[in-house]
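Below is one structure; the comments refer to it alone.
Values below: every heavy atom of this structure, side chains too, minus hydrogens, waters and symmetry copies. Chain A is the first sequence line, chain B the second, and so forth, proteins listed ahead of strands; every chain is numbered from 1.
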Number of protein chains: 2
Amino acid sequence: MSVNALSASPATPARDQVLATALRLFTEKGYFNTSVQDVVRESGVSTGSIYHHFKDKEGIAKALYDGLVLRMGSAFEAIVSQYRTPGDRCRAVIEYLFEMTESEPEIMAFMLYAKHREFMPEEAPICSSRPFELMRNMVSDAMDSGELLPLDPLVAATAVFGGALRMINLRLDGILDKPLPTYLDEVWQCAWRSVAA
Amino acid sequence: MSVNALSASPATPARDQVLATALRLFTEKGYFNTSVQDVVRESGVSTGSIYHHFKDKEGIAKALYDGLVLRMGSAFEAIVSQYRTPGDRCRAVIEYLFEMTESEPEIMAFMLYAKHREFMPEEAPICSSRPFELMRNMVSDAMDSGELLPLDPLVAATAVFGGALRMINLRLDGILDKPLPTYLDEVWQCAWRSVAA
DNA sequence: GTCTATATCCAGATAGAC
DNA sequence: GTCTATCTGGATATAGAC
(Lines give C-alpha, C1' and ligand atoms only; values in the text may rest on other atoms or scores of the structure.)
Protein backbone atom coordinates (compact mmCIF):
# COMPACT_ATOMS: atom_id res chain seq x y z
CA MET A 1 0.00 0.00 0.00
CA SER A 2 1.04 3.58 -0.54
CA VAL A 3 2.01 5.51 2.53
CA ASN A 4 -0.38 8.18 1.33
CA ALA A 5 -3.20 5.90 2.31
CA LEU A 6 -2.15 6.26 5.94
CA SER A 7 -3.57 9.72 6.23
CA ALA A 8 -6.68 11.64 5.30
CA SER A 9 -4.67 14.87 4.77
CA PRO A 10 -2.48 16.09 1.92
CA ALA A 11 0.64 13.98 1.75
CA THR A 12 4.20 15.21 1.96
CA PRO A 13 7.25 12.98 2.12
CA ALA A 14 8.12 13.97 5.68
CA ARG A 15 4.56 13.62 6.86
CA ASP A 16 4.26 10.20 5.31
CA GLN A 17 7.55 9.07 6.79
CA VAL A 18 6.38 10.08 10.24
CA LEU A 19 3.03 8.34 9.86
CA ALA A 20 4.57 5.12 8.58
CA THR A 21 7.12 5.10 11.40
CA ALA A 22 4.55 5.95 14.03
CA LEU A 23 2.23 3.19 12.87
CA ARG A 24 5.05 0.69 13.21
CA LEU A 25 6.22 1.89 16.60
CA PHE A 26 2.75 2.37 18.04
CA THR A 27 1.84 -1.22 17.22
CA GLU A 28 5.22 -2.72 18.14
CA LYS A 29 5.68 -1.01 21.47
CA GLY A 30 2.45 0.81 22.12
CA TYR A 31 1.65 4.49 21.97
CA PHE A 32 2.87 5.31 25.46
CA ASN A 33 6.09 3.34 25.12
CA THR A 34 6.93 5.29 21.97
CA SER A 35 8.51 8.69 22.51
CA VAL A 36 8.59 11.43 19.94
CA GLN A 37 12.36 10.97 20.03
CA ASP A 38 11.86 7.38 18.90
CA VAL A 39 9.86 8.62 15.93
CA VAL A 40 12.53 11.21 15.17
CA ARG A 41 15.28 8.59 15.21
CA GLU A 42 13.49 5.95 13.17
CA SER A 43 11.80 8.21 10.67
CA GLY A 44 14.77 10.45 10.02
CA VAL A 45 12.51 13.49 10.40
CA SER A 46 13.51 16.06 12.98
CA THR A 47 11.53 17.08 16.05
CA GLY A 48 10.86 20.51 14.62
CA SER A 49 9.53 19.09 11.39
CA ILE A 50 7.27 16.68 13.19
CA TYR A 51 5.76 19.47 15.28
CA HIS A 52 5.36 21.52 12.14
CA HIS A 53 3.20 18.82 10.57
CA PHE A 54 1.35 17.67 13.67
CA LYS A 55 0.02 19.62 16.61
CA ASP A 56 1.39 17.17 19.14
CA LYS A 57 2.04 13.47 19.64
CA GLU A 58 -1.65 12.75 19.87
CA GLY A 59 -2.10 14.53 16.54
CA ILE A 60 0.06 11.89 14.88
CA ALA A 61 -2.14 9.14 16.24
CA LYS A 62 -5.30 10.97 15.22
CA ALA A 63 -4.08 11.53 11.66
CA LEU A 64 -3.25 7.84 11.40
CA TYR A 65 -6.53 6.75 12.89
CA ASP A 66 -8.70 9.04 10.76
CA GLY A 67 -6.95 7.98 7.59
CA LEU A 68 -7.34 4.31 8.37
CA VAL A 69 -10.99 4.55 9.38
CA LEU A 70 -11.67 6.36 6.13
CA ARG A 71 -9.83 3.74 4.16
CA MET A 72 -11.68 0.87 5.80
CA GLY A 73 -14.99 2.64 5.30
CA SER A 74 -14.27 2.98 1.58
CA ALA A 75 -13.33 -0.66 1.34
CA PHE A 76 -16.62 -1.69 2.93
CA GLU A 77 -18.58 0.62 0.64
CA ALA A 78 -16.85 -0.99 -2.31
CA ILE A 79 -17.96 -4.34 -0.97
CA VAL A 80 -21.53 -3.11 -0.71
CA SER A 81 -21.41 -2.04 -4.37
CA GLN A 82 -19.84 -5.25 -5.51
CA TYR A 83 -22.04 -7.78 -3.70
CA ARG A 84 -25.80 -7.87 -3.73
CA THR A 85 -26.89 -10.11 -0.87
CA PRO A 86 -26.18 -9.28 2.76
CA GLY A 87 -24.63 -12.71 3.26
CA ASP A 88 -22.13 -12.21 0.45
CA ARG A 89 -21.31 -8.77 1.82
CA CYS A 90 -20.67 -10.01 5.32
CA ARG A 91 -18.48 -12.78 4.05
CA ALA A 92 -16.53 -10.35 1.89
CA VAL A 93 -15.96 -8.12 4.91
CA ILE A 94 -14.49 -11.00 6.90
CA GLU A 95 -12.38 -12.01 3.93
CA TYR A 96 -11.11 -8.45 3.60
CA LEU A 97 -10.26 -8.23 7.31
CA PHE A 98 -8.47 -11.58 7.23
CA GLU A 99 -6.42 -10.61 4.19
CA MET A 100 -5.57 -7.22 5.63
CA THR A 101 -4.40 -8.86 8.84
CA GLU A 102 -1.88 -10.86 6.84
CA SER A 103 -0.73 -8.14 4.46
CA GLU A 104 -0.91 -5.14 6.82
CA PRO A 105 -0.87 -6.53 10.36
CA GLU A 106 0.20 -3.19 11.79
CA ILE A 107 -2.85 -1.48 10.39
CA MET A 108 -5.18 -4.10 11.77
CA ALA A 109 -3.46 -4.05 15.14
CA PHE A 110 -3.76 -0.30 15.31
CA MET A 111 -7.39 -0.32 14.21
CA LEU A 112 -8.84 -3.27 16.08
CA TYR A 113 -6.48 -3.91 18.94
CA ALA A 114 -5.31 -0.57 20.27
CA LYS A 115 -7.13 1.19 23.10
CA HIS A 116 -7.70 4.41 21.20
CA ARG A 117 -9.47 6.28 23.95
CA GLU A 118 -6.47 5.94 26.20
CA PHE A 119 -4.42 8.19 23.96
CA MET A 120 -7.18 9.97 22.04
CA PRO A 121 -9.61 10.82 24.84
CA GLU A 122 -12.06 12.67 22.58
CA GLU A 123 -12.43 9.89 20.08
CA ALA A 124 -15.66 7.87 19.94
CA PRO A 125 -15.21 4.12 20.41
CA ILE A 126 -14.27 2.47 17.16
CA CYS A 127 -17.45 0.43 17.11
CA SER A 128 -19.36 3.66 16.46
CA SER A 129 -17.20 4.45 13.42
CA ARG A 130 -18.43 4.26 9.85
CA PRO A 131 -16.97 0.86 8.95
CA PHE A 132 -18.53 -0.78 11.98
CA GLU A 133 -21.82 0.92 11.21
CA LEU A 134 -21.72 -0.56 7.73
CA MET A 135 -21.11 -4.01 9.19
CA ARG A 136 -24.12 -3.70 11.46
CA ASN A 137 -26.22 -2.46 8.54
CA MET A 138 -25.39 -5.54 6.51
CA VAL A 139 -26.65 -7.73 9.30
CA SER A 140 -29.79 -5.65 9.82
CA ASP A 141 -30.55 -5.79 6.10
CA ALA A 142 -30.27 -9.55 6.22
CA MET A 143 -32.68 -9.68 9.12
CA ASP A 144 -35.18 -7.41 7.39
CA SER A 145 -35.14 -9.58 4.31
CA GLY A 146 -35.89 -12.65 6.40
CA GLU A 147 -32.59 -14.38 5.79
CA LEU A 148 -31.80 -14.25 9.50
CA LEU A 149 -33.63 -15.25 12.62
CA PRO A 150 -35.37 -12.38 14.37
CA LEU A 151 -32.77 -11.35 16.94
CA ASP A 152 -31.62 -8.24 18.68
CA PRO A 153 -29.66 -6.51 15.90
CA LEU A 154 -26.56 -6.05 18.02
CA VAL A 155 -26.61 -9.66 19.15
CA ALA A 156 -26.87 -10.75 15.53
CA ALA A 157 -24.02 -8.48 14.48
CA THR A 158 -21.71 -9.75 17.21
CA ALA A 159 -22.68 -13.31 16.39
CA VAL A 160 -21.77 -12.81 12.73
CA PHE A 161 -18.53 -10.89 13.21
CA GLY A 162 -17.46 -11.72 16.77
CA GLY A 163 -15.74 -14.99 15.97
CA ALA A 164 -13.82 -13.48 13.08
CA LEU A 165 -12.67 -10.55 15.17
CA ARG A 166 -11.47 -12.91 17.89
CA MET A 167 -9.57 -14.91 15.30
CA ILE A 168 -7.84 -11.70 14.23
CA ASN A 169 -6.83 -11.03 17.83
CA LEU A 170 -5.45 -14.54 18.18
CA ARG A 171 -3.50 -14.17 14.97
CA LEU A 172 -2.05 -10.81 15.98
CA ASP A 173 -1.09 -12.32 19.36
CA GLY A 174 0.82 -15.05 17.57
CA ILE A 175 -1.46 -17.85 18.78
CA LEU A 176 -2.43 -18.97 15.29
CA ASP A 177 0.41 -20.13 13.07
CA LYS A 178 -1.57 -20.47 9.88
CA PRO A 179 -2.66 -17.42 7.87
CA LEU A 180 -6.21 -16.35 8.60
CA PRO A 181 -7.58 -16.96 5.09
CA THR A 182 -6.93 -20.65 5.77
CA TYR A 183 -9.79 -20.53 8.24
CA LEU A 184 -12.10 -18.32 6.24
CA ASP A 185 -14.55 -21.00 5.14
CA GLU A 186 -14.92 -22.58 8.57
CA VAL A 187 -15.22 -19.24 10.30
CA TRP A 188 -17.79 -18.05 7.84
CA GLN A 189 -19.88 -21.22 8.05
CA CYS A 190 -19.99 -20.91 11.84
CA ALA A 191 -20.79 -17.22 11.73
CA TRP A 192 -23.67 -17.51 9.33
CA ARG A 193 -25.07 -20.71 10.78
CA SER A 194 -25.32 -18.95 14.13
CA VAL A 195 -27.95 -16.54 12.82
CA ALA A 196 -29.39 -17.99 9.61
CA ALA A 197 -33.13 -18.49 9.52
CA MET B 1 -16.30 -8.95 46.62
CA SER B 2 -13.56 -8.66 49.20
CA VAL B 3 -10.61 -6.57 48.24
CA ASN B 4 -8.49 -9.53 49.28
CA ALA B 5 -9.63 -11.25 46.16
CA LEU B 6 -7.78 -8.66 44.10
CA SER B 7 -4.41 -10.16 44.87
CA ALA B 8 -2.76 -13.53 45.06
CA SER B 9 -0.50 -12.41 47.90
CA PRO B 10 -1.07 -12.00 51.65
CA ALA B 11 -3.45 -9.10 52.19
CA THR B 12 -2.78 -6.05 54.30
CA PRO B 13 -5.08 -3.06 54.53
CA ALA B 14 -2.67 -0.71 52.78
CA ARG B 15 -1.92 -3.22 50.07
CA ASP B 16 -5.59 -3.82 49.46
CA GLN B 17 -6.34 -0.12 49.35
CA VAL B 18 -3.67 0.38 46.74
CA LEU B 19 -4.88 -2.51 44.62
CA ALA B 20 -8.51 -1.41 44.74
CA THR B 21 -7.57 2.16 43.83
CA ALA B 22 -5.22 1.08 41.09
CA LEU B 23 -7.84 -1.18 39.55
CA ARG B 24 -10.26 1.71 39.41
CA LEU B 25 -7.79 4.23 38.02
CA PHE B 26 -6.21 1.83 35.54
CA THR B 27 -9.58 1.05 34.03
CA GLU B 28 -10.94 4.62 34.20
CA LYS B 29 -7.94 6.40 32.75
CA GLY B 30 -5.62 3.65 31.63
CA TYR B 31 -2.35 2.48 33.13
CA PHE B 32 -0.17 5.11 31.49
CA ASN B 33 -2.49 7.96 32.30
CA THR B 34 -2.40 6.99 35.95
CA SER B 35 0.57 8.25 37.94
CA VAL B 36 1.73 6.76 41.20
CA GLN B 37 0.84 10.15 42.68
CA ASP B 38 -2.75 9.60 41.56
CA VAL B 39 -2.79 6.30 43.43
CA VAL B 40 -1.28 7.97 46.50
CA ARG B 41 -3.92 10.69 46.48
CA GLU B 42 -6.93 8.47 45.90
CA SER B 43 -5.91 5.54 48.06
CA GLY B 44 -4.69 7.57 50.99
CA VAL B 45 -1.55 5.42 51.12
CA SER B 46 1.78 7.23 50.91
CA THR B 47 4.40 6.86 48.19
CA GLY B 48 6.80 5.20 50.59
CA SER B 49 4.24 2.65 51.66
CA ILE B 50 3.32 1.82 48.11
CA TYR B 51 6.94 1.20 47.20
CA HIS B 52 7.33 -0.89 50.32
CA HIS B 53 4.54 -3.23 49.17
CA PHE B 54 5.27 -3.23 45.47
CA LYS B 55 8.53 -3.23 43.59
CA ASP B 56 7.38 -0.55 41.18
CA LYS B 57 4.31 0.68 39.34
CA GLU B 58 4.33 -2.35 37.09
CA GLY B 59 4.37 -4.52 40.20
CA ILE B 60 0.99 -3.13 41.20
CA ALA B 61 -0.45 -4.08 37.83
CA LYS B 62 1.10 -7.54 37.98
CA ALA B 63 -0.25 -8.23 41.46
CA LEU B 64 -3.71 -7.19 40.30
CA TYR B 65 -3.51 -9.23 37.14
CA ASP B 66 -2.21 -12.39 38.79
CA GLY B 67 -4.87 -12.25 41.46
CA LEU B 68 -7.65 -11.79 38.95
CA VAL B 69 -6.46 -14.51 36.60
CA LEU B 70 -6.32 -16.86 39.56
CA ARG B 71 -9.79 -15.88 40.65
CA MET B 72 -11.27 -16.38 37.21
CA GLY B 73 -9.51 -19.71 36.86
CA SER B 74 -11.06 -20.89 40.12
CA ALA B 75 -14.48 -19.75 39.01
CA PHE B 76 -14.19 -21.75 35.81
CA GLU B 77 -12.97 -24.80 37.68
CA ALA B 78 -15.99 -24.51 39.94
CA ILE B 79 -18.15 -24.45 36.82
CA VAL B 80 -16.47 -27.58 35.54
CA SER B 81 -17.26 -29.33 38.83
CA GLN B 82 -20.82 -28.12 38.90
CA TYR B 83 -21.89 -28.88 35.34
CA ARG B 84 -21.46 -32.16 33.55
CA THR B 85 -21.93 -31.50 29.86
CA PRO B 86 -19.60 -29.27 27.85
CA GLY B 87 -22.56 -27.27 26.60
CA ASP B 88 -23.77 -26.47 30.11
CA ARG B 89 -20.25 -25.52 31.09
CA CYS B 90 -19.78 -23.14 28.17
CA ARG B 91 -23.10 -21.52 28.85
CA ALA B 92 -22.25 -21.13 32.53
CA VAL B 93 -18.97 -19.46 31.60
CA ILE B 94 -20.74 -16.91 29.44
CA GLU B 95 -23.30 -16.35 32.17
CA TYR B 96 -20.51 -15.81 34.69
CA LEU B 97 -18.71 -13.35 32.42
CA PHE B 98 -21.92 -11.43 31.74
CA GLU B 99 -22.77 -11.19 35.43
CA MET B 100 -19.24 -10.17 36.35
CA THR B 101 -19.33 -7.44 33.73
CA GLU B 102 -22.37 -5.95 35.45
CA SER B 103 -21.25 -6.40 39.05
CA GLU B 104 -17.52 -5.80 38.63
CA PRO B 105 -17.06 -3.93 35.35
CA GLU B 106 -13.62 -2.71 36.36
CA ILE B 107 -12.37 -6.23 36.80
CA MET B 108 -13.68 -7.30 33.43
CA ALA B 109 -12.30 -4.22 31.75
CA PHE B 110 -8.90 -4.83 33.26
CA MET B 111 -8.95 -8.52 32.37
CA LEU B 112 -10.45 -8.55 28.91
CA TYR B 113 -9.97 -5.08 27.56
CA ALA B 114 -6.58 -3.81 28.73
CA LYS B 115 -3.49 -4.29 26.60
CA HIS B 116 -1.48 -6.04 29.26
CA ARG B 117 1.67 -6.51 27.29
CA GLU B 118 2.04 -2.80 26.86
CA PHE B 119 2.65 -2.32 30.58
CA MET B 120 3.70 -5.85 31.54
CA PRO B 121 6.08 -6.74 28.73
CA GLU B 122 6.98 -10.16 30.13
CA GLU B 123 3.41 -11.34 30.49
CA ALA B 124 2.02 -13.96 28.12
CA PRO B 125 -1.10 -12.95 26.19
CA ILE B 126 -4.19 -13.46 28.29
CA CYS B 127 -5.56 -16.02 25.86
CA SER B 128 -2.79 -18.39 26.99
CA SER B 129 -3.83 -18.02 30.62
CA ARG B 130 -5.49 -20.76 32.63
CA PRO B 131 -9.08 -19.52 32.35
CA PHE B 132 -8.88 -19.25 28.59
CA GLU B 133 -7.31 -22.67 28.42
CA LEU B 134 -10.25 -24.05 30.38
CA MET B 135 -12.66 -22.43 27.94
CA ARG B 136 -10.92 -24.01 24.98
CA ASN B 137 -10.93 -27.38 26.75
CA MET B 138 -14.68 -27.24 27.21
CA VAL B 139 -15.12 -26.78 23.49
CA SER B 140 -12.63 -29.51 22.61
CA ASP B 141 -14.40 -31.91 24.97
CA ALA B 142 -17.67 -31.16 23.24
CA MET B 143 -16.11 -31.89 19.90
CA ASP B 144 -14.58 -35.16 21.09
CA SER B 145 -17.93 -36.31 22.37
CA GLY B 146 -19.53 -35.61 19.00
CA GLU B 147 -21.77 -32.82 20.21
CA LEU B 148 -20.04 -30.39 17.86
CA LEU B 149 -19.21 -30.41 14.21
CA PRO B 150 -15.64 -31.43 13.44
CA LEU B 151 -13.88 -28.08 13.21
CA ASP B 152 -10.51 -26.63 13.94
CA PRO B 153 -10.55 -26.42 17.74
CA LEU B 154 -9.58 -22.78 17.82
CA VAL B 155 -12.19 -21.85 15.26
CA ALA B 156 -14.81 -23.65 17.32
CA ALA B 157 -13.71 -21.93 20.53
CA THR B 158 -13.84 -18.48 18.96
CA ALA B 159 -17.21 -19.30 17.43
CA VAL B 160 -18.61 -20.28 20.83
CA PHE B 161 -17.14 -17.45 22.88
CA GLY B 162 -16.35 -14.75 20.34
CA GLY B 163 -19.79 -13.22 20.19
CA ALA B 164 -20.11 -13.09 23.98
CA LEU B 165 -16.71 -11.45 24.34
CA ARG B 166 -17.66 -8.83 21.76
CA MET B 167 -20.88 -8.17 23.63
CA ILE B 168 -18.82 -7.55 26.76
CA ASN B 169 -16.68 -5.05 24.86
CA LEU B 170 -19.76 -3.27 23.59
CA ARG B 171 -21.21 -3.12 27.07
CA LEU B 172 -17.99 -1.77 28.59
CA ASP B 173 -17.86 0.82 25.80
CA GLY B 174 -21.35 1.99 26.74
CA ILE B 175 -22.92 0.89 23.44
CA LEU B 176 -25.40 -1.47 25.08
CA ASP B 177 -27.84 0.10 27.51
CA LYS B 178 -29.37 -3.09 28.80
CA PRO B 179 -27.49 -5.36 31.22
CA LEU B 180 -25.74 -8.24 29.52
CA PRO B 181 -27.73 -11.02 31.21
CA THR B 182 -30.72 -9.70 29.27
CA TYR B 183 -29.07 -11.03 26.14
CA LEU B 184 -27.76 -14.26 27.59
CA ASP B 185 -30.29 -16.60 26.00
CA GLU B 186 -30.01 -15.12 22.52
CA VAL B 187 -26.25 -14.96 22.66
CA TRP B 188 -26.00 -18.51 23.86
CA GLN B 189 -28.39 -19.85 21.24
CA CYS B 190 -26.34 -18.19 18.50
CA ALA B 191 -23.06 -19.38 19.94
CA TRP B 192 -24.05 -22.99 20.26
CA ARG B 193 -25.96 -23.14 17.00
CA SER B 194 -22.83 -21.99 15.21
CA VAL B 195 -20.98 -25.19 16.10
CA ALA B 196 -23.56 -27.79 17.16
CA ALA B 197 -23.55 -31.07 15.23
C1' DG C 1 5.29 -0.40 57.99
C1' DT C 2 4.43 4.29 57.14
C1' DC C 3 5.52 8.75 56.23
C1' DT C 4 7.69 13.39 53.97
C1' DA C 5 10.98 15.31 51.29
C1' DT C 6 13.63 15.01 47.47
C1' DA C 7 16.70 13.18 43.71
C1' DT C 8 16.90 12.08 38.99
C1' DC C 9 15.55 11.62 34.59
C1' DC C 10 13.31 12.04 30.38
C1' DA C 11 9.11 13.06 28.29
C1' DG C 12 6.63 16.49 25.36
C1' DA C 13 6.93 20.73 23.42
C1' DT C 14 9.11 25.34 21.83
C1' DA C 15 12.48 28.88 20.00
C1' DG C 16 14.49 30.69 16.49
C1' DA C 17 18.31 30.23 12.91
C1' DC C 18 18.55 28.71 8.20
C1' DG D 1 9.64 23.39 5.77
C1' DT D 2 13.50 21.70 8.24
C1' DC D 3 16.80 21.73 11.58
C1' DT D 4 19.47 21.95 16.49
C1' DA D 5 19.41 23.40 20.93
C1' DT D 6 16.87 24.03 24.82
C1' DC D 7 13.11 24.70 28.27
C1' DT D 8 9.97 22.90 31.63
C1' DG D 9 7.08 19.92 34.01
C1' DG D 10 5.96 15.90 35.92
C1' DA D 11 6.96 11.14 36.26
C1' DT D 12 9.17 7.20 38.78
C1' DA D 13 11.66 5.98 42.43
C1' DT D 14 14.66 6.61 46.74
C1' DA D 15 16.38 8.31 51.36
C1' DG D 16 15.96 8.24 55.75
C1' DA D 17 13.29 9.84 59.98
C1' DC D 18 9.67 7.98 62.86
Side-chain angles (χ1 to χ4, degrees), chain A residues 3-4 6-7 9-26 28-65 114-123, chain B residues 3-4 6-7 9-26 28-65 114-123:
Chain A
V3 277
N4 288 357
L6 285 174
S7 162
S9 294
T12 75
R15 201 186 145 88
D16 286 349
Q17 255 311 108
V18 170
L19 288 173
T21 306
L23 173 63
R24 182 166 56 78
L25 293 176
F26 289 171
E28 264 173 23
K29 325 198 299 172
Y31 176 84
F32 291 102
N33 293 319
T34 301
S35 71
V36 175
Q37 272 313 308
D38 292 336
V39 179
V40 169
R41 192 179 332 105
E42 307 227 356
S43 69
V45 179
S46 69
T47 314
S49 240
I50 290 183
Y51 280 93
H52 173 79
H53 286 287
F54 304 94
K55 178 175 170 291
D56 52 17
K57 185 183 169 188
E58 186 184 331
I60 305 175
K62 266 215 255 282
L64 260 180
Y65 182 75
K115 298 198 63 191
H116 308 107
R117 312 191 68 169
E118 228 172 271
F119 51 90
M120 300 184 297
E122 307 301 308
E123 206 64 42
Chain B
V3 275
N4 289 356
L6 285 175
S7 163
S9 295
T12 76
R15 202 186 145 87
D16 286 349
Q17 255 311 107
V18 170
L19 289 173
T21 306
L23 173 63
R24 182 166 56 79
L25 293 176
F26 288 171
E28 265 174 23
K29 324 197 303 172
Y31 175 86
F32 292 101
N33 293 319
T34 301
S35 71
V36 175
Q37 273 312 308
D38 293 336
V39 179
V40 169
R41 193 180 332 105
E42 307 227 356
S43 70
V45 179
S46 69
T47 315
S49 241
I50 291 182
Y51 280 93
H52 172 78
H53 286 288
F54 304 94
K55 178 176 172 292
D56 52 17
K57 184 183 168 187
E58 187 185 330
I60 304 175
K62 267 215 255 282
L64 259 180
Y65 182 75
K115 296 198 65 190
H116 308 106
R117 311 190 68 169
E118 227 171 271
F119 51 91
M120 301 183 297
E122 307 302 307
E123 206 64 41

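- For the pair B:Phe54 CZ and C:dG1 P, the computed distance is 12 Å after rounding to whole Å.
- Remark: A:Phe54 pairs with no residue by the ring-ring contact (aromatic ring centres under 6.0 Å, His included) rule, at least two apart or across chains.
- Atom C1' of nucleotide D:dT2 and atom NE2 of A:His53 are separated by 8 Å, given to the nearest angstrom.
- Nucleotide D:dG1 holds its P atom 15 Å from the CD1 atom of A:Ile50, rounded to whole Å.
- With sequence neighbours left out, B:Ser35 forms a side chain to side chain donor-acceptor pair (under 3.5 Å) with B:Asp38.
- A:Asn33 places its CG atom 11 Å from the P atom of C:dG12, with the value rounded to the nearest Å.
- The nearest pair of heavy atoms linking B:Ala14 to B:Val45 is O-CG2, 4.0 Å.
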Fill in the blank from the handout: In 5'-to-3' order, the base (B), backbone-only (S) or no-contact (-) status of each nucleotide in nucleotides 12-18 of chain D, using a 4.0 angstrom heavy-atom cut-off, is SBB----
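- When the ring-ring contact (aromatic ring centres under 6.0 Å, His included) test is applied to B:Phe26, the partners found at least two apart in sequence or on another chain are B:Tyr31.
- Between A:Arg41 atom CZ and D:dC3 atom P the separation is 16 Å, expressed in whole Å.
- Residue A:His52 places no side-chain N or O under 4.0 Å from the OP1 or OP2 atom of D:dT2.
- The nearest whole Å value for the distance from the CD atom in A:Gln17 to the P atom in D:dC3 is 11 Å.
- Comparing C:dG1, D:dC3, D:dT2 by their closest approach to the side chain of A:Ala14 singles out D:dT2.
- Here salt bridge (charged side-chain N to carboxylate O under 4.0 Å, His left out) pairs that include residues 47-61 of chain B, with residues two or more places apart or in two chains, are B:Glu58-B:Lys62.
- Contact annotation: B:Ser49 does not reach the phosphate of C:dG1 (side-chain N/O to OP1 or OP2, under 4.0 Å).
- In this structure A:Glu28 satisfies the side chain to side chain donor-acceptor pair (under 3.5 Å) test with no other residue, sequence neighbours excluded.
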